[in-house]
Protein chains: 2
Amino acid sequence: MRVAVDAVVFTIMHDELRILLIKRKYEPFQGKYALPGGFVHADEELEHACQRELEEETNVQQIFLKQFGAYGGVKRDPRGRILSVAYFALIRPEQKLIASFDATEPRWHSVYDLPELGFDHSKIIADALRQLRYELQTTNIAFQILPERFTLRELQQVYELVLDKKLDKRNFRKRIKELRILEETAEHKMEGAHRPAQLYRFCTPAHQNIRKKVNVFLQ
Amino acid sequence: MRVAVDAVVFTIMHDELRILLIKRKYEPFQGKYALPGGFVHADEELEHACQRELEEETNVQQIFLKQFGAYGGVKRDPRGRILSVAYFALIRPEQKLIASFDATEPRWHSVYDLPELGFDHSKIIADALRQLRYELQTTNIAFQILPERFTLRELQQVYELVLDKKLDKRNFRKRIKELRILEETAEHKMEGAHRPAQLYRFCTPAHQNIRKKVNVFLQ
DNA sequence: CCAAAAGTGTTGGTTTTACACCCATGG
DNA sequence: CCATGGGTGTAAAACCAACACTTTTGG
């Protein structure tokens with residue numbers, strides 16, 4: 001049985017939760033959209049394969065991937081039996097997308113307005129979104145999508161857009177502060193004609209890739 | 001790459017949470033304990049393979065399995081690259097265990113006193129236990145381990161032994177009753193020299209295999 | 001001075017925890 | 001009559017949800 005990996009990469013862009021999809025250049029599902037992914041090489045760790053395929057097909061690099069399921073249905077791929085291990089990530093939107101030889105049009109698509117997808121990728125995305133929402137409320141993954149310094153409003157927007165739910169500003173700030181995982185920086189973010197916002201950073205030095213139970217579980 | 005499945009089967013026996021292990025008759029890890037499992041056949045669904053291997057190696061049949069992870073480390077199996085998809089289940093302890101040709105001594109082992117295990121099965125078990133505890137608190141899997149009719153004390157014991165934590169009797173009963181997923185039966189369980197206990201059953205007819213969010217999240 | 005986002009506490013309602021006694025039975 | 005587990009309610013504490021005004025800035 002061949003083993004592949006698929007990546008469900010989320011970001012926030014223009015106030016929307018979006019997913020990175022490619023357009024398939026060849027059969028099967030030629031011309032259809034699909035998740036970036038591909039076959040695992042011999043002697044290659046699964047997560048590495050996922051990073052590699054993602055970079056090859058979209059140019060997105062250096063992200064923290066979390067495995068959330070394996071999809072092994074007998075008929076899921078018309079080429080034969082292919083098991084796919086699925087990973088998700090939440091990343092900053094600034095990386096430049098570059099198409100590859102066999103995957104064109106790497107693009108961000110709104111989670112709530114996806115095109116028709118090949119394989120069982122709709123199901124994989126639905127599972128990934130459920131997992132993302134759970135982890136957002138129990139770990140610090142939100143910080144993967146934010147710049148090193150960020151305002152509380154930016155943090156709240158991540159929660160609101162991922163959970164697809166408005167949150168109360170005062171309650172949100174109270175709870176985040178109680179967690180004691182943020183520290184104020186000396187700077188403020190000045191933009192627009194209004195009071196500048198305090199910039200915060202994540203306390204623990206490894207604000208990447210180390211997940212901490214935070215139990216936000218907001219409203 | 002070859003694809004296998006492994007089953008982490010939990011039960012409760014003699015007031016202990018236990019796991020079903022087999023002893024390996026051949027290399028690799030000959031003589032060591034391991035999870036029941038084996039290779040997926042061509043054109044066989046993963047879950048079916050897991051059921052089949054479990055039956056072949058231990059005689060345990062007809063259980064509800066839930067996938068919780070894929071283990072694909074390059075070096076995890078000395079025979080070569082083997083990816084294993086792991087499933088867990090919580091079952092009633094009464095099925096008779098029967099050894100197979102290549103797996104001897106199918107036996108229940110206390111989760112807190114496991115023998116030395118082959119492969120990366122210690123890690124798989126640790127992950128399964130975490131998942132079991134989570135699902136016990138958010139779904140109705142507890143009912144898979146209970147007989148059709150059961151007392152509230154029996155239900156509470158499942159929670160206590162899986163979560164490894166004492167629960168308050170009155171609070172437990174209050175919360176379970178509020179969920180409105182149980183109905184009283186006409187019978188009482190008479191055993192021992194004390195007041196007979198009301199027997200309950202799970203309301204919805206499909207008290208197997210259908211998971212319902214119950215949000216117990218006890219204490 | 002106006003618009004826009006930043007920042008800040010309190011209150012009422014709900015949920016959770018802690019806790020102790022009487023009941024029904026068998027031996 | 002004694003030992004054993006079955007069964008029940010209440011009060012205090014903790015937590016959560018709802019809510020509005022003042023501040024700082026740029027234009």
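Atoms considered below: every heavy atom in the structure, side chains included; atoms not considered: hydrogens, waters and symmetry mates. Chain A is the first sequence line, chain B the second, and so forth, proteins listed ahead of strands; every chain is numbered from 1.
- Applying the 3.5 Å distance criterion, the base of D/dC16 shares no donor-acceptor pair with the side chain of A/Asn171.
- For the pair B/Tyr200 OH and D/dG6 C1', the computed distance is 10 Å after rounding to whole Å.
- Within the model, atoms CD of B/Gln144 and CD1 of B/Ile63 stand 9.0 Å from one another, a figure rounded to the nearest 0.5 Å.
- Counted within 6.0 Å of CD on B/Glu183, heavy atoms from surrounding residues, nucleotides or ligands total more than 12; the atom is thus considered enclosed.
- Note on B/Arg173: a base of the nucleic acid sits closer than 4.0 angstrom, heavy atoms only.
- Along DNA chain C, the nucleotide nearest to A/Leu152 and the one nearest to A/His194 differ in position, and the one closer to the 5' end is contacted by A/His194.
- Annotation: the span from A/Arg76 atom CZ to A/Lys123 atom NZ amounts to 11.5 Å, rounded to 0.5 Å.
- Of the candidate nucleotides C/dT25, D/dT8, C/dT8, D/dT8 has the atom lying nearest to any side-chain atom of B/Lys169.
- When rounded to the nearest whole Å, the span between CD of B/Gln156 and C1' of D/dG5 equals 12 Å.
- Between the CG atom of A/Leu182 and the C1' atom of C/dG7 there is a distance of 15 Å, given to the nearest Å.
- In the set C/dT8, D/dT4, D/dG26, the nucleotide with an atom closest to the side chain of A/Ala193 is D/dG26.
- In this structure, A/Gln198 reaches the sugar-phosphate backbone alone: every heavy-atom distance under 4.0 Å involves primed, P, OP1 or OP2 atoms, never a base.
- Summary of the strand contacts: B/His188 and A/Gly192 both lie near DNA chain D, and taking for each the nucleotide with the nearest heavy atom, the more 5' one is attributed to B/His188.
- For D/dA17, the base has no donor-acceptor partner in the side chain of A/Arg170 [N/O atoms by modelled type, under 3.5 angstrom].
- Interface remark: the B/Lys174 side chain does not form any donor-acceptor pair with the C/dT16 base, using a distance-only criterion of under 3.5 Å.
- Relative to the side chain of B/Arg175, the nucleotides D/dG6, C/dT16, C/dA5 differ in distance, and C/dT16 lies closest.
- Atom C1' of nucleotide C/dA18 and atom CG of B/Leu167 are separated by 14 Å, given to the nearest angstrom.
- If you take CG of A/Asp168 and P of C/dT10, they are 16 Å apart, rounded to a whole angstrom.
- Partner of A/Asn171 under the side-chain hydrogen bond (donor to acceptor under 3.5 Å, both in side chains) criterion, chosen from A/Lys174, A/Arg173, A/Lys169: A/Lys174.
- Using a 4.0 Å heavy-atom criterion, one finds that A/Lys189 contacts no nucleic acid atom at all.
- Here D/dG26 presents its C1' atom at 11 Å from CE of A/Met190, a figure rounded to the nearest Å.
- A/Glu184 places its CD atom 8 Å from the P atom of C/dT8, with the value rounded to the nearest Å.
- For the pair A/Glu191 CD and D/dG27 P, the computed distance is 12 Å after rounding to whole Å.
- Side chain of B/Gln67 to main chain of B/Leu65: no donor-acceptor pair is present (N/O by atom type, distance under 3.5 Å, no hydrogens or angles).
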